[in-house]
Amino acid sequence: MRFSGLRVLRQGLTGNKGWTPHWRDPEPKAEYDAIIIGGGGHGLSTAYYLAKEHGMTNIAVLEKGYLGGGNVGRNTTIVRANYFLPGNSEFYSHSLKLWEGLEQDLNYNVMHSQRGVINLFHSDGQRDAFARRGNAMINQGDDAELLDVAGVRRLLPYLDFENARFPIYGGLLHRRGGTARHDAVAWGYARGADQRGVDLIQQCEVTGIDIENGKVTGVQTTRGAIKAKKVGIVVAGRSGQVAAMAGMRLPIESHVLQAFVSEGLKPVIDHVVSFGMGHFYISQSDKGGLVFGGDLDFYASYASRGNMPMMEHVMEAGMTLMPMIGKSKVLRSWGGIMDMTPDGSPIIDKTETDGLFIDCGWCYGGFKAVPGSGFSFAHLMATGNHHAPAAKFRLDRFSTGKGLMDEEGTGAQHNLH
Amino acid sequence: MRIDCPLCGPRDRREFYYQGEAVALARPDPEAGDAAWENYVHLRENPTGERRDLWHHEGGCGAWLVVTRNTTTHEVFKVELATDVKRSMA
Ligand SMILES: Cc1cc2nc3c(=O)[nH]c(=O)nc-3n(C[C@H](O)[C@H](O)[C@H](O)COP(=O)(O)OP(=O)(O)OC[C@H]3O[C@@H](n4cnc5c(N)ncnc54)[C@H](O)[C@@H]3O)c2cc1C
Ligand SMILES: [Zn+2]
(Lines give C-alpha, C1' and ligand atoms only; values in the text may rest on other atoms or scores of the structure.)
(Ligands and ions follow the chains in the order given, each with its own letter.)
Protein backbone atom coordinates (compact mmCIF):
# COMPACT_ATOMS: atom_id res chain seq x y z
CA MET A 1 0.00 0.00 0.00
CA ARG A 2 1.28 3.44 -0.95
CA PHE A 3 0.44 6.52 1.06
CA SER A 4 -0.74 9.65 -0.74
CA GLY A 5 -2.72 12.77 0.04
CA LEU A 6 -5.61 11.44 -1.97
CA ARG A 7 -5.62 8.20 -0.02
CA VAL A 8 -5.65 9.99 3.33
CA LEU A 9 -8.59 12.09 2.12
CA ARG A 10 -10.52 9.10 0.82
CA GLN A 11 -9.89 7.08 3.97
CA GLY A 12 -10.88 10.02 6.13
CA LEU A 13 -14.20 10.28 4.33
CA THR A 14 -14.93 6.55 4.49
CA GLY A 15 -14.24 5.87 8.15
CA ASN A 16 -10.53 4.91 7.91
CA LYS A 17 -11.47 1.25 7.41
CA GLY A 18 -9.06 0.55 4.56
CA TRP A 19 -5.70 0.82 6.34
CA THR A 20 -3.69 -2.38 6.60
CA PRO A 21 -0.87 -3.38 9.01
CA HIS A 22 2.47 -1.79 8.13
CA TRP A 23 4.40 -5.06 8.42
CA ARG A 24 3.90 -8.82 8.80
CA ASP A 25 4.56 -10.77 12.00
CA PRO A 26 6.41 -13.78 10.56
CA GLU A 27 7.72 -16.90 12.30
CA PRO A 28 11.52 -17.12 12.19
CA LYS A 29 12.90 -19.35 9.43
CA ALA A 30 15.63 -21.90 10.16
CA GLU A 31 18.18 -19.99 8.09
CA TYR A 32 18.75 -16.55 6.54
CA ASP A 33 21.48 -15.02 4.39
CA ALA A 34 21.99 -12.40 7.07
CA ILE A 35 20.69 -11.60 10.54
CA ILE A 36 20.52 -8.17 12.16
CA ILE A 37 20.42 -8.27 15.96
CA GLY A 38 18.39 -5.31 17.27
CA GLY A 39 15.28 -3.64 15.87
CA GLY A 40 16.12 -0.04 16.72
CA GLY A 41 16.65 2.73 14.20
CA HIS A 42 20.05 1.48 13.09
CA GLY A 43 19.03 -2.19 12.80
CA LEU A 44 15.91 -1.39 10.79
CA SER A 45 17.68 1.02 8.45
CA THR A 46 20.47 -1.54 7.92
CA ALA A 47 17.90 -4.14 6.91
CA TYR A 48 16.15 -1.65 4.62
CA TYR A 49 19.35 -0.70 2.76
CA LEU A 50 20.56 -4.33 2.59
CA ALA A 51 17.33 -5.13 0.75
CA LYS A 52 17.08 -1.95 -1.30
CA GLU A 53 20.71 -1.24 -2.24
CA HIS A 54 22.16 -4.75 -2.24
CA GLY A 55 19.20 -6.98 -3.13
CA MET A 56 19.60 -9.02 0.06
CA THR A 57 16.01 -9.88 0.92
CA ASN A 58 16.40 -13.24 2.66
CA ILE A 59 17.31 -11.54 5.91
CA ALA A 60 15.81 -11.04 9.37
CA VAL A 61 15.87 -8.43 12.10
CA LEU A 62 15.67 -10.01 15.57
CA GLU A 63 14.32 -7.71 18.29
CA LYS A 64 14.02 -8.77 21.91
CA GLY A 65 11.16 -6.37 22.66
CA TYR A 66 9.09 -4.48 20.13
CA LEU A 67 10.28 -2.45 17.13
CA GLY A 68 11.26 1.04 18.16
CA GLY A 69 11.05 0.33 21.91
CA GLY A 70 14.69 1.26 22.52
CA ASN A 71 16.53 4.55 22.15
CA VAL A 72 15.08 5.22 18.73
CA GLY A 73 11.78 5.95 20.48
CA ARG A 74 13.34 7.70 23.49
CA ASN A 75 15.52 10.41 22.01
CA THR A 76 14.98 14.13 21.61
CA THR A 77 14.94 13.80 17.80
CA ILE A 78 17.59 16.32 16.80
CA VAL A 79 18.96 15.85 13.28
CA ARG A 80 22.02 17.88 12.27
CA ALA A 81 25.36 17.77 10.47
CA ASN A 82 27.52 20.18 12.46
CA TYR A 83 30.51 18.02 13.31
CA PHE A 84 34.06 19.26 13.11
CA LEU A 85 36.48 16.37 12.71
CA PRO A 86 37.23 14.47 9.51
CA GLY A 87 35.60 11.09 9.87
CA ASN A 88 32.53 12.49 11.58
CA SER A 89 32.00 15.41 9.16
CA GLU A 90 31.60 13.39 5.99
CA PHE A 91 29.50 10.75 7.73
CA TYR A 92 26.91 13.12 9.23
CA SER A 93 26.87 15.13 6.02
CA HIS A 94 25.95 11.97 4.09
CA SER A 95 23.36 11.05 6.69
CA LEU A 96 21.69 14.48 6.51
CA LYS A 97 21.44 14.16 2.72
CA LEU A 98 19.67 10.84 3.18
CA TRP A 99 17.29 12.50 5.66
CA GLU A 100 16.45 15.13 3.07
CA GLY A 101 15.15 12.47 0.68
CA LEU A 102 13.86 10.05 3.28
CA GLU A 103 10.15 10.71 3.19
CA GLN A 104 9.99 10.28 -0.59
CA ASP A 105 12.24 7.23 -0.42
CA LEU A 106 10.20 5.52 2.31
CA ASN A 107 6.83 6.90 1.18
CA TYR A 108 6.35 7.69 4.85
CA ASN A 109 5.86 10.91 6.76
CA VAL A 110 8.70 11.06 9.30
CA MET A 111 7.88 14.72 10.01
CA HIS A 112 11.43 15.80 9.21
CA SER A 113 11.45 19.50 10.02
CA GLN A 114 14.51 21.56 9.08
CA ARG A 115 13.72 24.34 11.50
CA GLY A 116 17.36 25.26 12.17
CA VAL A 117 19.69 24.42 15.05
CA ILE A 118 21.31 27.28 16.98
CA ASN A 119 24.33 26.66 19.22
CA LEU A 120 24.84 29.62 21.55
CA PHE A 121 28.18 31.05 22.63
CA HIS A 122 29.10 33.26 25.57
CA SER A 123 32.68 34.46 25.15
CA ASP A 124 35.14 35.60 22.48
CA GLY A 125 37.01 32.31 22.71
CA GLN A 126 33.85 30.34 22.16
CA ARG A 127 32.95 32.57 19.21
CA ASP A 128 36.29 31.71 17.58
CA ALA A 129 35.72 28.00 18.19
CA PHE A 130 32.26 28.18 16.63
CA ALA A 131 33.52 30.20 13.67
CA ARG A 132 36.08 27.48 13.10
CA ARG A 133 33.44 24.76 13.37
CA GLY A 134 31.19 26.67 10.98
CA ASN A 135 34.00 26.90 8.45
CA ALA A 136 34.60 23.15 8.75
CA MET A 137 30.91 22.56 8.09
CA ILE A 138 30.98 24.82 5.02
CA ASN A 139 34.11 23.06 3.74
CA GLN A 140 32.24 19.80 4.09
CA GLY A 141 29.52 21.24 1.83
CA ASP A 142 27.00 21.80 4.61
CA ASP A 143 25.57 25.09 5.84
CA ALA A 144 26.57 27.31 8.76
CA GLU A 145 26.01 30.97 9.65
CA LEU A 146 27.64 32.83 12.50
CA LEU A 147 25.08 35.07 14.21
CA ASP A 148 25.92 38.08 16.37
CA VAL A 149 23.76 39.02 19.36
CA ALA A 150 21.34 41.00 17.20
CA GLY A 151 21.01 38.02 14.89
CA VAL A 152 20.19 35.71 17.79
CA ARG A 153 17.77 38.28 19.25
CA ARG A 154 15.81 38.34 16.01
CA LEU A 155 15.28 34.58 16.10
CA LEU A 156 15.16 33.90 19.85
CA PRO A 157 13.88 37.08 21.54
CA TYR A 158 12.90 35.18 24.69
CA LEU A 159 16.43 34.33 25.90
CA ASP A 160 18.06 36.00 28.91
CA PHE A 161 20.74 37.86 26.93
CA GLU A 162 22.19 39.79 29.87
CA ASN A 163 22.69 36.78 32.13
CA ALA A 164 25.54 37.63 34.52
CA ARG A 165 27.32 34.29 34.23
CA PHE A 166 26.55 33.40 30.59
CA PRO A 167 25.80 36.59 28.62
CA ILE A 168 24.90 35.65 25.05
CA TYR A 169 27.49 36.75 22.47
CA GLY A 170 25.90 35.04 19.47
CA GLY A 171 25.22 31.66 17.96
CA LEU A 172 26.08 29.27 15.17
CA LEU A 173 23.02 28.67 13.00
CA HIS A 174 22.73 25.44 11.03
CA ARG A 175 19.59 25.96 8.95
CA ARG A 176 19.35 22.44 7.59
CA GLY A 177 19.36 21.01 11.11
CA GLY A 178 16.09 20.28 12.87
CA THR A 179 14.00 17.44 14.21
CA ALA A 180 11.98 14.42 13.04
CA ARG A 181 9.32 12.19 14.53
CA HIS A 182 11.43 9.40 16.09
CA ASP A 183 8.83 6.59 16.10
CA ALA A 184 7.89 7.31 12.50
CA VAL A 185 11.51 6.84 11.46
CA ALA A 186 11.54 3.35 12.98
CA TRP A 187 8.13 2.53 11.52
CA GLY A 188 9.00 3.88 8.08
CA TYR A 189 12.17 1.82 7.82
CA ALA A 190 10.39 -1.25 9.24
CA ARG A 191 7.62 -0.95 6.67
CA GLY A 192 10.10 -0.40 3.83
CA ALA A 193 12.18 -3.43 4.86
CA ASP A 194 9.10 -5.63 5.29
CA GLN A 195 7.79 -4.64 1.86
CA ARG A 196 11.06 -5.85 0.36
CA GLY A 197 10.73 -9.24 2.05
CA VAL A 198 12.74 -8.74 5.26
CA ASP A 199 11.38 -10.72 8.24
CA LEU A 200 10.99 -8.48 11.29
CA ILE A 201 10.86 -10.82 14.27
CA GLN A 202 9.85 -9.26 17.57
CA GLN A 203 9.93 -10.78 21.07
CA CYS A 204 13.01 -12.68 19.95
CA GLU A 205 16.05 -12.14 22.16
CA VAL A 206 19.43 -13.29 20.95
CA THR A 207 21.04 -15.32 23.75
CA GLY A 208 24.11 -16.70 21.98
CA ILE A 209 26.24 -16.30 18.87
CA ASP A 210 27.43 -19.50 17.22
CA ILE A 211 30.99 -19.50 15.94
CA GLU A 212 32.85 -22.40 14.31
CA ASN A 213 36.51 -22.19 13.30
CA GLY A 214 36.49 -18.42 13.53
CA LYS A 215 33.36 -18.08 11.36
CA VAL A 216 29.91 -17.09 12.50
CA THR A 217 27.26 -19.74 11.75
CA GLY A 218 24.13 -18.33 13.39
CA VAL A 219 22.53 -17.27 16.63
CA GLN A 220 20.67 -18.79 19.56
CA THR A 221 17.44 -17.02 20.47
CA THR A 222 14.48 -17.31 22.82
CA ARG A 223 12.60 -18.55 19.72
CA GLY A 224 15.15 -21.19 18.76
CA ALA A 225 18.41 -21.39 16.84
CA ILE A 226 18.66 -19.51 13.53
CA LYS A 227 21.46 -20.02 11.04
CA ALA A 228 23.19 -17.29 9.04
CA LYS A 229 26.64 -16.72 7.59
CA LYS A 230 26.45 -13.00 8.24
CA VAL A 231 25.37 -11.46 11.52
CA GLY A 232 25.29 -7.76 12.41
CA ILE A 233 25.19 -6.59 16.04
CA VAL A 234 23.21 -3.32 16.25
CA VAL A 235 21.99 -3.18 19.84
CA ALA A 236 23.06 0.30 21.08
CA GLY A 237 23.21 0.31 24.90
CA ARG A 238 23.33 -3.49 25.01
CA SER A 239 26.37 -3.79 22.74
CA GLY A 240 28.65 -4.98 25.56
CA GLN A 241 26.44 -7.93 26.41
CA VAL A 242 25.78 -9.09 22.89
CA ALA A 243 29.45 -8.73 21.92
CA ALA A 244 30.35 -10.82 24.98
CA MET A 245 28.32 -13.67 23.39
CA ALA A 246 31.01 -13.69 20.71
CA GLY A 247 33.80 -13.54 23.28
CA MET A 248 34.51 -9.85 22.65
CA ARG A 249 35.15 -7.01 25.05
CA LEU A 250 34.30 -3.58 23.66
CA PRO A 251 35.61 -0.08 24.32
CA ILE A 252 32.14 0.82 25.58
CA GLU A 253 30.52 1.71 28.86
CA SER A 254 26.72 2.08 29.06
CA HIS A 255 25.35 5.24 30.64
CA VAL A 256 21.89 6.68 31.19
CA LEU A 257 20.77 9.87 29.45
CA GLN A 258 17.54 11.56 30.52
CA ALA A 259 15.04 13.70 28.65
CA PHE A 260 11.97 15.69 29.62
CA VAL A 261 8.78 16.94 28.03
CA SER A 262 6.42 19.66 29.22
CA GLU A 263 2.68 19.99 28.83
CA GLY A 264 1.53 21.07 25.37
CA LEU A 265 1.88 24.80 24.70
CA LYS A 266 1.14 27.10 21.79
CA PRO A 267 4.08 27.49 19.39
CA VAL A 268 6.80 29.43 21.19
CA ILE A 269 10.17 27.86 20.36
CA ASP A 270 10.65 27.67 16.59
CA HIS A 271 14.18 26.21 16.47
CA VAL A 272 16.40 23.73 18.21
CA VAL A 273 18.36 25.78 20.76
CA SER A 274 21.48 24.41 22.35
CA PHE A 275 23.11 25.98 25.40
CA GLY A 276 26.37 24.07 25.64
CA MET A 277 27.75 25.93 28.64
CA GLY A 278 24.77 24.90 30.73
CA HIS A 279 24.42 21.43 29.17
CA PHE A 280 20.90 22.12 28.01
CA TYR A 281 19.03 21.95 24.71
CA ILE A 282 15.41 22.35 23.76
CA SER A 283 12.92 22.23 20.92
CA GLN A 284 9.14 22.17 20.70
CA SER A 285 7.32 19.17 19.32
CA ASP A 286 4.50 19.51 16.82
CA LYS A 287 2.09 18.55 19.63
CA GLY A 288 3.35 21.57 21.57
CA GLY A 289 5.41 19.90 24.28
CA LEU A 290 8.79 21.41 25.07
CA VAL A 291 11.29 18.59 24.58
CA PHE A 292 14.55 19.14 26.42
CA GLY A 293 17.52 17.45 27.97
CA GLY A 294 21.06 17.79 29.17
CA ASP A 295 24.03 15.63 29.89
CA LEU A 296 24.50 12.03 30.94
CA ASP A 297 23.92 11.15 34.59
CA PHE A 298 27.63 10.27 34.42
CA TYR A 299 27.88 6.83 35.95
CA ALA A 300 27.46 3.44 34.29
CA SER A 301 23.82 2.41 34.30
CA TYR A 302 21.36 0.10 32.57
CA ALA A 303 18.31 1.69 34.20
CA SER A 304 16.02 3.40 31.71
CA ARG A 305 15.55 6.18 34.22
CA GLY A 306 17.91 8.67 35.80
CA ASN A 307 18.45 10.36 39.11
CA MET A 308 17.43 13.69 40.64
CA PRO A 309 20.74 15.58 40.45
CA MET A 310 20.72 15.67 36.65
CA MET A 311 17.00 16.56 36.55
CA GLU A 312 17.68 19.51 38.81
CA HIS A 313 20.70 20.52 36.77
CA VAL A 314 18.75 20.48 33.51
CA MET A 315 15.85 22.50 35.00
CA GLU A 316 18.30 25.06 36.41
CA ALA A 317 20.06 25.42 33.08
CA GLY A 318 16.73 25.87 31.29
CA MET A 319 15.69 28.58 33.74
CA THR A 320 19.04 30.32 33.31
CA LEU A 321 18.70 30.47 29.55
CA MET A 322 14.99 31.13 29.09
CA PRO A 323 13.26 32.03 32.36
CA MET A 324 9.85 32.01 30.62
CA ILE A 325 9.71 28.21 30.58
CA GLY A 326 9.45 28.15 34.37
CA LYS A 327 5.70 28.57 34.04
CA SER A 328 5.18 25.33 32.14
CA LYS A 329 4.83 21.99 33.88
CA VAL A 330 6.99 18.97 33.19
CA LEU A 331 4.80 16.15 32.05
CA ARG A 332 7.19 13.23 31.78
CA SER A 333 10.84 12.30 32.10
CA TRP A 334 12.60 9.15 31.02
CA GLY A 335 16.02 7.72 30.27
CA GLY A 336 17.76 5.65 27.64
CA ILE A 337 20.89 3.54 27.71
CA MET A 338 23.78 5.05 25.75
CA ASP A 339 26.71 3.08 24.36
CA MET A 340 29.55 5.46 25.24
CA THR A 341 32.96 5.05 23.57
CA PRO A 342 36.17 6.59 24.98
CA ASP A 343 36.36 9.25 22.22
CA GLY A 344 32.61 9.83 21.90
CA SER A 345 32.52 8.67 18.26
CA PRO A 346 30.89 5.53 16.84
CA ILE A 347 32.09 2.18 15.49
CA ILE A 348 31.03 0.53 12.21
CA ASP A 349 33.36 -2.36 11.53
CA LYS A 350 34.10 -6.03 11.02
CA THR A 351 35.13 -8.12 14.02
CA GLU A 352 37.78 -10.81 14.40
CA THR A 353 35.07 -13.40 13.71
CA ASP A 354 34.43 -13.95 10.00
CA GLY A 355 30.93 -12.80 9.03
CA LEU A 356 30.31 -10.99 12.32
CA PHE A 357 29.91 -7.21 12.06
CA ILE A 358 29.26 -4.52 14.64
CA ASP A 359 27.62 -1.09 14.56
CA CYS A 360 27.69 0.61 17.97
CA GLY A 361 29.08 3.41 20.12
CA TRP A 362 26.55 6.04 19.03
CA CYS A 363 26.65 7.68 22.43
CA TYR A 364 23.93 10.31 22.74
CA GLY A 365 23.93 11.29 19.06
CA GLY A 366 22.78 8.28 17.09
CA PHE A 367 19.31 9.36 16.01
CA LYS A 368 20.56 11.69 13.29
CA ALA A 369 22.83 8.85 12.22
CA VAL A 370 20.01 6.35 11.59
CA PRO A 371 19.96 6.71 7.77
CA GLY A 372 23.73 7.06 7.33
CA SER A 373 24.62 4.25 9.70
CA GLY A 374 22.17 1.83 8.11
CA PHE A 375 23.41 2.75 4.64
CA SER A 376 27.09 2.32 5.52
CA PHE A 377 26.64 -0.76 7.68
CA ALA A 378 24.58 -2.46 4.95
CA HIS A 379 27.38 -1.65 2.51
CA LEU A 380 29.96 -3.22 4.81
CA MET A 381 27.86 -6.33 5.48
CA ALA A 382 26.98 -6.86 1.82
CA THR A 383 30.32 -6.11 0.17
CA GLY A 384 32.87 -6.63 2.93
CA ASN A 385 34.27 -3.16 2.21
CA HIS A 386 33.98 -0.03 4.29
CA HIS A 387 31.65 2.60 2.85
CA ALA A 388 33.66 5.80 2.29
CA PRO A 389 31.69 8.20 4.56
CA ALA A 390 31.96 5.76 7.50
CA ALA A 391 35.41 4.38 6.76
CA LYS A 392 37.01 5.99 9.81
CA PHE A 393 34.70 4.41 12.39
CA ARG A 394 37.20 1.65 13.18
CA LEU A 395 37.09 -0.60 16.20
CA ASP A 396 40.89 -0.72 16.46
CA ARG A 397 41.44 3.05 16.64
CA PHE A 398 41.72 2.86 20.42
CA SER A 399 44.40 0.18 20.47
CA THR A 400 46.42 1.80 17.68
CA GLY A 401 45.73 5.39 18.76
CA LYS A 402 45.30 6.25 15.07
CA GLY A 403 42.20 8.10 13.89
CA LEU A 404 40.65 8.92 17.24
CA MET A 405 37.71 11.30 16.80
CA ASP A 406 37.44 13.28 20.01
CA GLU A 407 35.13 16.17 19.08
CA GLU A 408 35.27 17.66 22.56
CA GLY A 409 39.04 17.53 22.83
CA THR A 410 38.91 16.09 26.33
CA GLY A 411 40.96 12.97 25.60
CA ALA A 412 39.99 9.49 24.47
CA GLN A 413 39.13 8.20 27.90
CA HIS A 414 36.03 6.62 29.35
CA ASN A 415 33.75 8.90 31.31
CA LEU A 416 34.87 12.15 29.69
CA HIS A 417 32.28 12.46 26.91
CA MET B 1 21.45 7.74 44.71
CA ARG B 2 23.30 7.95 48.01
CA ILE B 3 26.76 6.69 48.78
CA ASP B 4 27.66 5.71 52.33
CA CYS B 5 31.24 6.96 52.68
CA PRO B 6 33.11 4.93 55.33
CA LEU B 7 34.58 8.17 56.69
CA CYS B 8 31.71 10.65 56.30
CA GLY B 9 28.53 8.57 56.37
CA PRO B 10 25.69 8.57 53.81
CA ARG B 11 26.03 11.47 51.37
CA ASP B 12 24.27 12.69 48.25
CA ARG B 13 25.65 11.43 44.92
CA ARG B 14 26.46 15.04 44.01
CA GLU B 15 29.41 15.08 46.43
CA PHE B 16 31.17 12.35 44.45
CA TYR B 17 33.07 12.23 41.18
CA TYR B 18 32.64 9.01 39.22
CA GLN B 19 35.84 7.61 37.74
CA GLY B 20 34.49 4.45 36.08
CA GLU B 21 35.01 0.74 36.51
CA ALA B 22 37.49 -0.05 39.28
CA VAL B 23 40.13 -1.27 36.86
CA ALA B 24 42.81 0.91 38.48
CA LEU B 25 42.96 -1.55 41.39
CA ALA B 26 44.75 -3.98 39.07
CA ARG B 27 46.95 -1.78 36.89
CA PRO B 28 49.07 -3.87 34.51
CA ASP B 29 52.82 -3.92 34.76
CA PRO B 30 54.42 -1.26 32.51
CA GLU B 31 55.97 -4.07 30.47
CA ALA B 32 52.78 -6.17 30.32
CA GLY B 33 52.39 -5.51 26.58
CA ASP B 34 49.91 -3.75 24.28
CA ALA B 35 47.05 -6.20 24.73
CA ALA B 36 47.08 -5.90 28.52
CA TRP B 37 47.17 -2.10 28.32
CA GLU B 38 44.43 -1.93 25.69
CA ASN B 39 42.35 -4.10 27.99
CA TYR B 40 43.06 -1.80 30.92
CA VAL B 41 42.62 1.58 29.25
CA HIS B 42 39.77 0.99 26.78
CA LEU B 43 38.00 -2.36 26.95
CA ARG B 44 35.29 -2.77 29.56
CA GLU B 45 33.25 -5.59 31.05
CA ASN B 46 30.22 -3.23 31.19
CA PRO B 47 28.02 -5.72 33.07
CA THR B 48 24.31 -5.43 33.88
CA GLY B 49 23.76 -5.98 37.59
CA GLU B 50 26.62 -5.99 40.05
CA ARG B 51 29.84 -4.12 39.33
CA ARG B 52 32.60 -2.24 41.14
CA ASP B 53 33.40 1.41 40.38
CA LEU B 54 35.83 3.96 41.69
CA TRP B 55 34.29 7.16 43.10
CA HIS B 56 36.11 10.14 44.57
CA HIS B 57 34.52 11.91 47.54
CA GLU B 58 35.63 15.26 46.21
CA GLY B 59 32.93 17.24 48.03
CA GLY B 60 33.77 15.52 51.30
CA CYS B 61 36.79 13.79 52.80
CA GLY B 62 38.64 13.41 49.49
CA ALA B 63 38.96 9.63 49.78
CA TRP B 64 38.88 7.28 46.79
CA LEU B 65 36.13 4.70 47.26
CA VAL B 66 35.35 1.33 45.74
CA VAL B 67 31.58 1.19 45.34
CA THR B 68 29.87 -2.13 44.61
CA ARG B 69 26.43 -1.47 43.15
CA ASN B 70 23.73 -2.68 40.81
CA THR B 71 23.71 -0.98 37.42
CA THR B 72 20.07 -1.81 36.70
CA THR B 73 18.50 -0.84 40.05
CA HIS B 74 21.11 1.74 41.22
CA GLU B 75 21.20 -0.07 44.58
CA VAL B 76 24.51 0.38 46.42
CA PHE B 77 25.70 -2.82 48.12
CA LYS B 78 29.05 -1.90 49.58
CA VAL B 79 31.36 1.12 49.89
CA GLU B 80 35.01 0.60 50.88
CA LEU B 81 38.08 2.77 51.03
CA ALA B 82 40.19 2.08 47.96
CA THR B 83 43.31 1.93 50.14
CA ASP B 84 41.75 -0.88 52.23
CA VAL B 85 40.73 -2.83 49.13
CA LYS B 86 44.18 -2.45 47.64
CA ARG B 87 45.86 -3.54 50.87
CA SER B 88 43.69 -6.64 51.13
CA MET B 89 44.65 -7.55 47.54
CA ALA B 90 48.36 -7.52 48.38
C1 LIG C 1 17.16 10.79 26.13
C2 LIG C 1 17.88 10.62 24.83
C3 LIG C 1 17.99 11.69 23.95
C4 LIG C 1 18.67 11.55 22.74
N5 LIG C 1 18.67 12.59 21.87
C6 LIG C 1 19.23 12.46 20.64
C7 LIG C 1 19.12 13.52 19.69
O8 LIG C 1 18.50 14.55 19.95
N9 LIG C 1 19.72 13.36 18.48
C10 LIG C 1 20.40 12.23 18.17
O11 LIG C 1 20.95 12.16 17.07
N12 LIG C 1 20.47 11.18 19.03
C13 LIG C 1 19.89 11.26 20.27
N14 LIG C 1 19.94 10.20 21.15
C15 LIG C 1 20.71 9.00 20.80
C16 LIG C 1 19.95 7.99 19.93
O17 LIG C 1 18.65 7.82 20.41
C18 LIG C 1 20.70 6.65 19.91
O19 LIG C 1 22.07 6.85 19.66
C20 LIG C 1 20.17 5.70 18.84
O21 LIG C 1 18.76 5.63 18.87
C22 LIG C 1 20.76 4.31 19.05
O23 LIG C 1 20.54 3.45 17.98
P24 LIG C 1 19.20 2.53 17.80
O25 LIG C 1 18.09 3.40 17.39
O26 LIG C 1 19.53 1.44 16.89
O27 LIG C 1 19.02 2.02 19.30
P28 LIG C 1 17.80 1.24 19.98
O29 LIG C 1 16.50 1.80 19.54
O30 LIG C 1 18.09 1.21 21.44
O31 LIG C 1 17.93 -0.20 19.34
C32 LIG C 1 18.64 -1.29 19.88
C33 LIG C 1 17.67 -2.45 19.93
O34 LIG C 1 18.38 -3.67 20.20
C35 LIG C 1 17.52 -4.49 20.95
N36 LIG C 1 18.31 -5.53 21.61
C37 LIG C 1 19.22 -5.38 22.63
N38 LIG C 1 19.72 -6.56 22.99
C39 LIG C 1 19.15 -7.51 22.19
C40 LIG C 1 19.27 -8.93 22.08
N41 LIG C 1 20.09 -9.63 22.89
N42 LIG C 1 18.53 -9.56 21.14
C43 LIG C 1 17.67 -8.87 20.33
N44 LIG C 1 17.53 -7.52 20.39
C45 LIG C 1 18.25 -6.85 21.31
C46 LIG C 1 16.87 -3.52 21.92
O47 LIG C 1 15.68 -4.07 22.47
C48 LIG C 1 16.64 -2.31 21.03
O49 LIG C 1 15.34 -2.27 20.46
C50 LIG C 1 19.28 10.31 22.39
C51 LIG C 1 19.15 9.24 23.27
C52 LIG C 1 18.44 9.37 24.47
C53 LIG C 1 18.29 8.19 25.38
ZN1 LIG D 1 34.01 10.85 52.62
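Letters go in sequence order (proteins before strands), and every chain restarts at 1. As a basis for the values below, the full set of heavy atoms in this structure was taken, side chains included, without hydrogen atoms, waters or symmetry mates. Please read all numbers here as calculations on a predicted model, not as lab measurements.
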Whatever's closer than 4.5 Å to a heavy atom in chain B on A:Leu416 counts as side chain

Under 3.5 Å side-chain donor-acceptor pair for B:His74 and A:Ser301
yes

Is there a side-chain contact between B:Arg44 and A:Leu250, using heavy atoms and a 4.5 Å cut-off?
no

Return the CD1 to CD distance between A:Ile252 and B:Glu45, rounded to the nearest 0.5 Å.
13.5 Å

Would you say B:His42's side chain and A:Pro342's backbone share a donor-acceptor pair under 3.5 angstrom?
no

One thing to verify: whether B:Arg51 and A:Glu253 come together as a salt bridge, which I'm taking to mean a side-chain N less than 4.0 angstrom from a carboxylate O.
yes

Less than 4.5 Å to any heavy atom of chain A: does that hold for the side chain of B:Trp37, its backbone, both, or neither?
neither

Heaviest contributor of heavy-atom pairs below 4.5 Å to chain B, chosen from A:Gln413, A:Glu312, A:Met310, is A:Glu312

Where B:Arg69 and A:Tyr299 come nearest, the two heavy atoms and their spacing
NH1-CD1, 3.8 Å

Over 12 non-hydrogen atoms of neighbours within 6.0 angstrom of OH in A:Tyr66
no

Check whether any side-chain heavy atom of B:Tyr18 lies under 4.5 Å from a side-chain heavy atom of A:Asn415, and answer yes or no.
yes

Residue-level contacts of residues 7-15 of chain B with chain A, using a heavy-atom cutoff under 4.5 Å:
B:Asp12, B:Arg13, B:Arg14

Do the non-hydrogen side-chain atoms of B:Tyr17 and A:Phe298 ever get within less than 4.5 Å of each other?
no

Please classify the contact between B:Asn70 and chain A as side chain, backbone, both or neither, with a heavy-atom cut-off of under 4.5 Å.
neither

Taking every heavy-atom pair that is under 4.5 Å apart, which of A:His414, A:His313, A:Arg238 has the most such pairs with chain B?
A:His414

Does B:Asn46 reach the main-chain N or O of A:Gly240 with its side chain, forming a donor-acceptor pair under 3.5 Å?
no

Of the backbone (N, CA, C, O) and the side chain (C-beta and beyond), which part of A:Ala244 lies under 4.5 Å from a heavy atom of chain B, both, or neither?
neither

Tell me whether the count of non-hydrogen atoms from other residues, nucleotides or ligands lying under 6.0 Å of CG in B:Asp29 goes above 12.
yes

Straight-line distance of B:Thr48 OG1 to A:Tyr302 OH, nearest 0.5 Å:
6.5 Å

